[in-house]
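One structure below.
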Amino acid sequence: EVQLQASGGGLVQAGRSLRLSCKASGFTFDDYAIGWVRQAPGKEREGVSCVSSSDGSTYYADYMKGRFTISSDNAKNTVYLQMNSLKPEDTAVYYCAAGPPMQLVAGTPPPSWYDYWGQGTLVTVSS
């Protein structure tokens, strides 16, 4: 059974940091790209960042502007999202998801790219 367990969300003040974790199981980790997708209240899901587990290539949404860093620990089947300088507009449920590997020139895969989804973790940034 494919499982993606997201954790690490919480309530933080603007300007602070959080690190999200996504523990994957039930599939061959190296065969997939693992990404983060978020959904703010009243808005559609949007891609945040993605890492290709096979070669470590990373992809980010343009609006991240260097604030977020994605990384992968293949030995632990875990992907991390380090989020720095958080803003109130980063408030959302953050989902980790797995999809087929890809190569992008820019940006990150859209939510429709992913085949498997975790349950999400809530990040709330207060002003």
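For the atom pair CZ (R38) and CZ (R45), the distance works out to 13.5 Å, reported to the nearest 0.5 Å. For the atom pair CD1 of I34 and CG of N74, the computed distance is 9.5 Å after rounding to the nearest 0.5 Å. How far CG of N77 is from OH of Y32: 12.5 Å, rounded to the nearest 0.5 Å. Atom CD of residue Q103 and atom OG of residue S57 lie 7.0 Å apart, to the nearest 0.5 angstrom. In this structure, S52 OG and D30 CG are separated by 9.0 Å, a value rounded to the nearest 0.5 Å.
T91 places a side-chain N or O within 3.5 Å of a backbone atom of V125 that can act as its donor or acceptor partner. Counting only distance, with no hydrogens or angles, the side chain of T108 and the backbone of A61 share no donor-acceptor pair below 3.5 Å. For Y114 (side chain) and C96 (main-chain N/O), no donor-acceptor pair under 3.5 Å exists by modelled atom type. Without hydrogens or angle criteria, Y59 side chain to M102 main chain gives a donor-acceptor distance under 3.5 Å.
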Check against side chain to side chain contact (heavy atoms under 4.5 Å, CB included), L86 and F68: CA-CA 9 Å; L86 283 163; F68 293 5; 4.0 Å; yes
Apply side chain to side chain contact (heavy atoms under 4.5 Å, CB included) to the pair W36 and M83, showing each step before the final yes or no. CA-CA 12 Å; W36 291 94; M83 305 187 296; over 6 Å; no
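In this structure, E89 has no salt bridge (Lys or Arg N to Asp or Glu O under 4.0 Å) partners at least two apart in sequence or on a different chain.
Linking ILVMFWY side-chain heavy atoms closer than 4.5 Å, directly or via other members, places V37 and V48 in two distinct hydrophobic clusters. Linking Ile, Leu, Val, Met, Phe, Trp and Tyr whenever their side-chain heavy atoms come within less than 4.5 Å leaves W117 and L81 in two separate clusters.
At least one side-chain heavy atom of P100 sits less than 4.5 Å from a side-chain heavy atom of D115. Between D90 and R67, some side-chain heavy-atom pair lies under the 4.5 Å cut-off. Residues S72 and F29 form a side-chain contact, since some pair of their non-hydrogen atoms from C-beta on lies under 4.5 Å apart.
Q119 and Y95 get closest at one heavy-atom pair: O-CE2, 3.5 Å.
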Going by atom type alone, with no hydrogens or angles, which donor-acceptor pairs under 3.5 Å involve a side-chain atom of residues 2-28 and a protein atom two or more places apart or on another chain?
from, atom 1, to, atom 2, distance (Å)
S17, OG, N84, OD1, 2.9
K23, NZ, K76, O, 2.7

